[in-house]
Amino acid sequence: MKLITCASYYGTGSSAITNLIDECDNVHDMGDYEFRFVQDPDGICDLEYNLVLNNHRHNSGYAIKRYEKNVKYLSGGRFIKKYNRFFGAAWKRLSNEYIKKLIAVEYKGTWHQELRDRGKLKYFIERFVNKIAHILFRVNNERAITLFNKSNTNYATYPRDMFYTATREYIDALFSIANTDNKEFVMADQLVPPTNTKHYLKFFNDLKVVCVDRDPRDLFLLEKEVWHGTVVPQNVDEFCIWYSTTRAHRQYEQDDESRIMRIRFEDMIFNYEDMVANILNFVGIDEQHHIKAKTYFNPEVSIKNTQLYKRMDKHAKDISIIEDRLHDYLYPFPV
C-alpha cells in the first residue's frame, strides 16, 4: 500500500489533486476530509520534538498526554464521527498501542503545568496553601502539599530510530484498515504541510506529496467575495504580507524531489494533459488506471475560478497592489 497526499497553503486548489487521483481505479480515495494528526499541534510532529529531539523530564510525558487528548477529540462523537468514520474502533486501539510503546515509566505525580491545566482557581488555591505552610509552619518544600489528586505522570523516552519505526508502523496500520478494498494506493488529504515538508517524510514508509499553490489575485478575491473565511486576511496590505511570509520557506528549504512535487493550480487547467501525465508518473500510477478522466476534476469547470480579477473591476486597486508586491507569485495566464 502506497500513500498519496496533497498539501495546500489554504484555498490553493489541492482538491484538484484529490479529485484527479480519485479518477484512477487502483486508488482507495478517502475523500476531502483532512487527516492532520501528524502536522497539527499536539500531533505526531510535536511528539517527535518532545520525545526525540528534546527529551525532557516533564515535556515528554506532557506531550504524550496532549496526544492522548487529541486522539480522543479526533475520534468524534455520536453526531460528528471524525476519524471513527474512516478507521472505526481501530483509531483509538492503534493509537493507544502506539502511545504505550512510547512510555518508559508511569507513576503518580504532578507538576505545575498539569495543575495549571486544571484551572486557575485550583492552581491559585494549591499554591496559596503551600505558601502559607512555608511561612507559618516552615515547610521546606513550597510544593509539599497536594490538595488535588495526582494524575498519571509519564516519562517517555525512545531511541531515535525506534520512534520513527513505531510511528511508520502505526500510520501504515491505520490506513491499511481504512483501505477496505485493498487498493494499491490510498489517497488521504493534508497528511503533511506545504512548509518544511521534507521533515515529515520520516514518519511514512511510502508517501508521495503534491503541494499546490495558486495565483494570489484569485486567492484574495475568492476569500473576499466567495468564501468569506477567517484564514486569509481580507485587507490587501495584510494579505500581501501573509501570502509572502507563508511562502518564504521556499527560499531556503530543499525538497526531496523524488517524494515531493510542487505545482500551480492553474497548470492543472491550462496545461491539463501534460500535468496529468506528470502527476500520475510522479505518484507511480500507470495512465491506464486513469479510467474516469475529467469525472471529478474537469478543467473546463475549474477554469471559472481563475482570472477572477478580470471580472471584478471594483477590486482593481487591490489587485494592482498585489501585482506590484507579489509579482514573483503571479501565474502567467495566457492572453
Side-chain angles (χ1 to χ4, degrees), residues 1-5 7 30 34-75 82-83 86-87 89-111 113-114 117 151-179 186 188-209 211 249 253-256 258-260:
M1 181 192 66
K2 303 172 184 177
L3 284 172
I4 304 170
T5 195
M30 301 187 69
E34 297 186 356
F35 296 89
R36 306 178 58 92
F37 69 104
V38 177
Q39 60 163 305
D40 272 358
D42 299 328
I44 286 178
C45 195
D46 277 3
L47 282 179
E48 178 204 26
Y49 177 77
N50 289 292
L51 273 63
V52 178
L53 304 181
N54 184 25
N55 186 261
H56 183 279
R57 67 184 183 277
H58 290 319
N59 294 358
S60 61
Y62 189 65
I64 289 285
K65 290 186 176 182
R66 299 292 297 179
Y67 190 70
E68 288 178 319
K69 291 180 181 179
N70 199 29
V71 166
K72 184 177 180 180
Y73 167 75
L74 290 174
S75 296
K82 294 186 183 293
Y83 282 21
F86 303 93
F87 305 112
W91 164 245
K92 273 191 175 181
R93 175 176 60 81
L94 290 173
S95 296
N96 290 334
E97 291 173 2
Y98 171 64
I99 290 168
K100 286 181 180 179
K101 289 181 181 180
L102 306 181
I103 297 174
V105 62
E106 187 173 18
Y107 55 95
K108 292 292 185 180
T110 190
W111 67 298
Q113 183 64 49
E114 293 183 349
D117 285 353
S151 60
N152 286 337
T153 295
N154 304 319
Y155 174 67
T157 182
Y158 223 61
R160 182 180 298 260
D161 291 342
M162 293 179 65
F163 172 83
Y164 297 118
T165 299
T167 300
R168 289 191 288 264
E169 290 175 350
Y170 165 54
I171 291 174
D172 272 356
L174 283 171
F175 286 101
S176 292
I177 287 174
N179 186 14
V186 171
D189 193 17
Q190 306 298 321
L191 281 173
V192 299
T195 54
N196 200 20
T197 311
K198 184 179 179 180
H199 178 85
Y200 290 82
L201 298 179
K202 66 183 73 173
F203 302 130
F204 301 88
N205 277 318
D206 195 337
L207 176 70
K208 293 293 182 75
V209 186
C211 300
H249 68 99
E253 287 180 7
Q254 292 185 337
D255 286 333
D256 178 349
S258 67
R259 299 180 66 184
I260 302 169

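These numbers come from a predicted model, not from an experiment.
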**Request:** Can you sort out the partners of E253 under side chain to side chain donor-acceptor pair (under 3.5 Å), two or more places apart, ordered by chain and number?
**Result:** H249
**Message:** To the closest 0.5 Å, what do you measure between CG (L102) and CD1 (I64)?
**Reply:** 4.5 Å
**Request:** Name all residues meeting the side-chain contact (heavy atoms from CB on, under 4.5 Å) criterion together with N54; count only those two or more places apart in sequence or in a different chain, and write none if there are none.
**Result:** Y49
**Asked** Which atom pair, heavy atoms only, marks the closest approach of T197 to C211?
**Response** OG1-SG, 4.2 Å
**Prompt:** When you look at F87 and L94, which way does the side chain to side chain contact (heavy atoms under 4.5 Å, CB included) test go after all the steps?
**Reply:** CA-CA 10 Å; F87 305 112; L94 290 173; over 6 Å; no
**Request:** Go through the structure and list residues passing ring-ring contact (aromatic ring centres under 6.0 Å, His included) with F37, not counting sequence neighbours.
**Result:** Y83, W91
**Message:** Check this for me: does any side-chain nitrogen of one of E97 and R93 sit under 4.0 Å from a carboxylate oxygen of the other?
**Reply:** yes
**Nearest-0.5 Å distance, NZ of residue K72 to CG of residue N96** = 11.5 Å
**Asked** What residues, two or more places apart in sequence or in another chain, satisfy side chain to side chain donor-acceptor pair (under 3.5 Å) together with D172?
**Response** N205
**Prompt:** Rounded to the nearest 0.5 Å, how far apart are CZ of F35 and CZ of F86?
**Reply:** 4.0 Å
**Counterpart residues, salt bridge (charged side-chain N to carboxylate O under 4.0 Å, His left out), relative to K2 (two or more places apart)** = E184
**Request:** Output the distance between atom CG (D206) and atom CD1 (I4), rounded to the nearest 0.5 Å.
**Result:** 9.0 Å
**Complete:** Between S258 and K208, the two heavy atoms sitting closest are O-CE, 3.1 Å
**Complete:** For residues 36-48, the salt bridge (Lys or Arg N to Asp or Glu O under 4.0 Å) pairs (sequence neighbours left out) are E34-R36, R36-D40, D42-R66, E48-K202
**Message:** Check whether T5 reaches the backbone of L191 with its side chain - one donor and one acceptor, N or O, closer than 3.5 Å.
**Reply:** yes
**Asked** Is there a side-chain contact between V38 and T167, using heavy atoms and a 4.5 Å cut-off?
**Response** no
**Item:** Any side-chain heavy-atom pair of H56 and Y62 under 4.5 Å
**Value:** no
**Request:** Could you check if a side-chain atom of V52 sits within less than 4.5 angstrom of a side-chain atom of Y164, using non-hydrogen atoms only?
**Result:** yes
**Asked** Who are the ring-ring contact (aromatic ring centres under 6.0 Å, His included) partners of Y98, not counting sequence neighbours?
**Response** Y170
**Request:** For F204 and L207, work out which heavy atoms get closest and say how close.
**Result:** CD1-CD2, 3.5 Å
**Message:** Please enumerate all residues that pass salt bridge (charged side-chain N to carboxylate O under 4.0 Å, His left out) together with D255, with sequence neighbours excluded.
**Reply:** R262
**Request:** Could you tell me which residues satisfy side-chain contact (heavy atoms from CB on, under 4.5 Å) with A63, sequence neighbours excluded, listed by chain and number?
**Result:** L47, N50, L51
**Request:** To the nearest 0.5 angstrom, please state how far the OH atom of Y67 sits from the CD1 atom of I44.
**Result:** 4.0 Å
**All side chain to side chain donor-acceptor pair (under 3.5 Å) counterparts of T195, not counting sequence neighbours** = none
**Message:** Could you check whether any side-chain heavy atom of V192 comes within less than 4.5 Å of a side-chain heavy atom of I260, counting everything from C-beta outward?
**Reply:** no
**Request:** With side chain to side chain contact (heavy atoms under 4.5 Å, CB included) as the test, would you mind laying out the steps for K101 and M162 before giving the verdict?
**Result:** CA-CA 10 Å; K101 289 181 181 180; M162 293 179 65; over 6 Å; no
**Fill in**
When rounded to the nearest 0.5 Å, the distance separating NZ of K65 from OG of S60 is 11.0 Å
**Asked** What closest approach, in Å, do A7 and P193 show between heavy atoms, and which atom pair accounts for it?
**Response** CB-C, 3.9 Å
**Request:** Kindly give the heavy-atom pair with the smallest separation between M30 and A178, and that separation in Å.
**Result:** CE-CB, 3.5 Å
**Fill in**
Residues at least two apart in sequence or cross-chain that pass side-chain contact (heavy atoms from CB on, under 4.5 Å) with S176, listed by chain then number, are M1
